[in-house]
Amino acid sequence: MHPREQTIFALSSGRPPSAIAMVRVSGPEAGPALTVLAGWLPVPRMATRTLLRDAGQQPIDDAVVLWFPGPASATGEDVAEFHVHGGRAVLAALFTALSALPDMRAAEPGEFTRRAFENGKLDLTEAEGLDDLIHADTDRQRRQALRQLKGLLGDRARDWRAQIIEASALIEAGIDFADEGDVPAELMAPALLKIKGLLAEIEEVLAAQGRSERLRDGLVVAIAGPPNVGKSTLMNALARREVAIVSPHAGTTRDIIEVQLDLDGYPVTVIDTAGIRETEDPVEQEGVRRARARAAEADLVLWLADAEHEKILHQGEAPVWLVRNKIDLDGGRSGATRAGGDAGRKGASAEFRISASHGDGLAELIAALVQFAQVYFGSDTGALIGRARQRKLLEEAVASLRRSTEVIGAGEELAAEELRSAAHSLGRLLGRVDIEDILDVIFREFCIGK
Ligand SMILES: Nc1nc2c(ncn2[C@@H]2O[C@H](COP(=O)(O)OP(=O)(O)OP(=O)(O)O)[C@@H](O)[C@H]2O)c(=O)[nH]1
Ligand SMILES: [K+]
Ligand SMILES: [Mg+2]
């Protein structure tokens, strides 16, 4: 029997032990499994309490079971749910009993959702939204994932694809109508109008986005600078716990230390790095090399400095903020934070003055980070794009549509070809065409039991 026709089971709730655990079964053997273990097939969609027994009539657990005959189920197949006590031994006994049944096996990661997708219960953007919702750590991630799950992007893409097909039909009709490729302009004008309207709509969605798809990974902020300026102290202050070792000894931090922060709903990864300096110590040298590399690929660099070290030794694309630390030692010189074009040091787009150990200036720095995140991720009202994959396919569709407008009137076959290609990109976005390669990649990332 093909693995896709087998019946699958998995723990769909969190890691045991827990008060209740939910084991889900999907496939043609779900009904028979329920009948064997529960003793009968319950009324559909009605929670039913029962003593589960294995095939040898040994009791497993006092449970609540549910029966969802397909296709009106989460996967579109027959589905059974076992709500049992969430102990490891209970689950082991239930899994043993399920595995003993014919054509039944443990599910692969994401396999329930994949079956739901293959049975048309959701499109690929919705499946991606579901995965993102499960992995959402911050409020903005959750809201974005929910928009995806509600199918907002999928709905737009379906509509665009239908319009492209209509425009294609007009052009194809023109090609058939004309002899010797001489298509009358009055047939092409409505097609061109439609395509231009579509182009504007898709481009608007692409432009309105900021980098909302980056909400999944978060913003990476690197704290870099010379040794002993207080990078790890700042890291701990931002994290509000002692994640990194602080000491008066220069060269304390050697490895890269990361913390995930939730800044006003934005996911931000802050990384603390080794102090950058020339050193003979091979371990510290490696730390410095890693520090430079990590800072070079960050989205924002906080270059920490003190009164002795002010020069920015960072190279990279990302904006750099000069953060002067230890202002508590300055004796009265501590002043306001400056931002924008008049920042103090060459190469810095803003300048802050803080005391990482005393807390001065930290609120301003954090507020500026939140503001940076807002601009970076873009407004989240109406943001539809949740992943780089989706953005790339929309950009491909736009490029094809634009090329089609350039050749209309000159080569109708070429225009039709470009429209086919645009429709194909949107089909890939929805997971309707040509997708085996990406499905494996996408669903492998899912949790088991989902
Ligand atoms: N007075 C004062 N001391 C600070 C401040 N921030 C950090 N320090 C002290 O500066 C010393 C170095 O701090 P760290 O946080 O270890 O500095 P670092 O930049 O991570 O150092 P390396 O990892 O060795 O590069 C410690 O003794 C801290 O207590 C500050 O705002 N004011
Ligand atoms: K130190
Ligand atoms: Mg350090």
Side-chain angles (χ1 to χ4, degrees), residues 219-261 263 268-316 318-339 343-345 347-348 350-369:
L219 176 73
V220 178
V221 178
I223 305 175
N228 248 2
V229 291
K231 299 180 295 302
S232 300
T233 310
L234 175 59
M235 170 80 158
N236 292 345
L238 292 174
R240 299 204 197 132
R241 59 194 169 95
E242 303 295 306
V243 277
I245 300 174
V246 167
S247 93
H249 174 76
T252 302
T253 307
R254 274 124 190 258
D255 281 331
I256 286 170
I257 300 169
E258 302 198 9
V259 283
Q260 315 290 333
L261 301 184
L263 278 188
V268 177
T269 302
V270 179
I271 56 184
D272 178 25
T273 60
I276 291 172
R277 66 168 171 184
E278 297 295 327
T279 168
E280 293 296 305
D281 179 345
V283 180
E284 197 182 344
Q285 276 174 1
E286 175 60 14
V288 170
R289 192 193 64 75
R290 291 182 188 197
R292 286 186 186 280
R294 202 68 168 88
E297 60 194 32
D299 303 307
L300 174 67
V301 175
L302 303 184
W303 184 268
L304 215 58
D306 58 16
E308 288 164 55
H309 307 89
E310 300 207 314
K311 194 160 184 285
I312 295 175
L313 297 171
H314 166 78
Q315 285 178 334
V320 181
W321 292 356
L322 178 63
V323 181
R324 289 170 195 278
N325 189 28
K326 308 194 187 183
I327 56 167
D328 53 295
L329 300 179
D330 279 7
R333 212 163 61 80
S334 63
T337 281
R338 275 182 289 165
R345 293 293 144 188
E351 185 179 328
F352 297 86
R353 298 169 60 79
I354 64 164
S355 168
S357 59
H358 290 64
D360 311 51
L362 280 181
E364 287 86 344
L365 181 60
I366 291 170
L369 285 172

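Read the numbers this way: they start at 1 and go in the same order the structure lists the ligands and their atoms. Numbering of residues begins at 1 and proceeds along the displayed sequence. As the structure is a prediction and not an experimental result, all values here were calculated from the model.
With a heavy-atom cut-off of 4.0 Å, Met235 does not touch ligand 1 at all. Neither the backbone nor the side chain of Ile327 comes within contact range of ligand 1; no heavy atom lies under 4.0 Å. Contacts between Ser247 and ligand 1, counted as non-hydrogen atom pairs separated by less than 4.0 Å, involve the backbone only. At a heavy-atom cutoff of 4.0 Å, ligand 1 is contacted by the side chain of Asp328 but not by its backbone. The proximity of Leu234 to ligand 1, defined as any non-hydrogen pair under 4.0 Å, does not occur for either the backbone or the side chain. In Ala250, the part holding a heavy atom less than 4.0 Å from any atom of ligand 1 is the backbone.
Ligand 1 places these atoms under 4.0 Å from at least one heavy atom of Gly275: 25 (O). Within the listing of ligand 1, atoms 15 (O), 17 (O), 18 (P), 19 (O), 20 (O), 21 (O), 22 (P), 25 (O) sit less than 4.0 angstrom from a heavy atom of Lys231. Near Ser232, meaning under 4.0 Å from any of its heavy atoms, are these atoms of ligand 1: 15 (O), 18 (P), 20 (O). For ligand 1 and His249, the ligand atoms under 4.0 Å from any heavy atom of the residue are 24 (O). Atoms of ligand 1 lying under 4.0 Å from any heavy atom of Pro227, numbered from 1 in the order shown and given with element: 25 (O). With ligand atoms numbered from 1 in the order given, ligand 1 contributes 30 (C), 31 (O), 32 (N) to contacts under 4.0 Å with heavy atoms of Ser355. Close contacts of ligand 1 with Leu329, meaning ligand atoms under 4.0 Å from a residue heavy atom, involve 1 (N).
Between Glu364 and Leu362 the shortest side-chain heavy-atom distance does not fall below 4.5 Å. Using a 4.5 Å heavy-atom threshold, the side chains of Gln260 and Val268 count as separate. Val220 has its side chain within reach of Arg294: a pair of non-hydrogen atoms, C-beta onward, lies under 4.5 Å apart. Residues Thr252 and Val246 fail the side-chain proximity criterion, which asks for heavy atoms closer than 4.5 Å. Two residues are said to be in side-chain contact when any heavy atoms from C-beta on lie closer than 4.5 Å; Trp321 and Trp303 fail this criterion. Within the 4.5 Å cutoff, the side chain of Asn236 has no heavy atoms near those of the Arg241 side chain. In this structure, the side chains of Ile327 and Ile354 stay at 4.5 Å or more apart for every pair of heavy atoms. Residues Leu234 and Leu302 form a side-chain contact, since some pair of their non-hydrogen atoms from C-beta on lies under 4.5 Å apart.
Taking CZ of Arg254 as the reference point, atom CD1 of Ile245 lies at 10.5 Å (rounded to 0.5 Å). The CG atom of Leu322 lies 8.5 Å from the CG atom of Leu304; values are rounded to the nearest 0.5 Å. Residue Lys311 holds its NZ atom at 5.5 Å from CG of Leu313, rounded to the nearest 0.5 Å. Atom OG1 of Thr253 is separated from atom CG of Asn228 by 9.5 Å, given to the nearest 0.5 angstrom. Atoms CD1 and CD1, from Ile256 and Ile223 in turn, are 12.0 Å apart once rounded to the nearest 0.5 Å.
Classification of Arg324 and Asp330 as a salt-bridged pair fails, no side-chain N sitting under 4.0 Å from a carboxylate O. Salt bridge annotation for Glu284-Arg277: present, with a cationic side-chain nitrogen under 4.0 angstrom from a carboxylate oxygen.
By the 3.5 Å distance cut-off applied to N or O atoms, Val229 is counted among the residues near ligand 1.
Protein atoms of type N/O/S that fall under 2.8 Å from the Mg ion (ligand 3) number 2 in this view. Here 4 is the count of protein N, O or S atoms positioned under 3.4 Å from the K ion (ligand 2), waters not counted.
Among all non-hydrogen protein atoms, the one lying nearest atom 6 (N) of ligand 1 is Asn325 ND2, 3.1 Å. Closest protein heavy atom to atom 28 (C) of ligand 1: Val246 CG1, 3.7 Å. If you check which protein heavy atom lies closest to atom 17 (O) of ligand 1, you get Gly230 N, 3.1 Å. Atom 3 (N) of ligand 1 has Ser357 OG, 3.8 Å as its closest protein atom, hydrogens excluded (heavy atom only). Among all protein heavy atoms, the one lying closest to atom 8 (N) of ligand 1 is Lys326 CE, 3.7 Å. The single protein non-hydrogen atom nearest to atom 15 (O) of ligand 1 is Thr233 OG1, 2.5 Å, given as residue, atom name and distance. If you check which protein heavy atom lies closest to atom 22 (P) of ligand 1, you get Asn228 N, 3.6 Å.
Looking only at atom types and distance, the side chain of Glu258 has no donor-acceptor partner in the side chain of Thr269 under 3.5 Å away.
When all heavy atoms are compared, the tightest approach of Asn325 to Ala356 is OD1-N, 2.8 Å.
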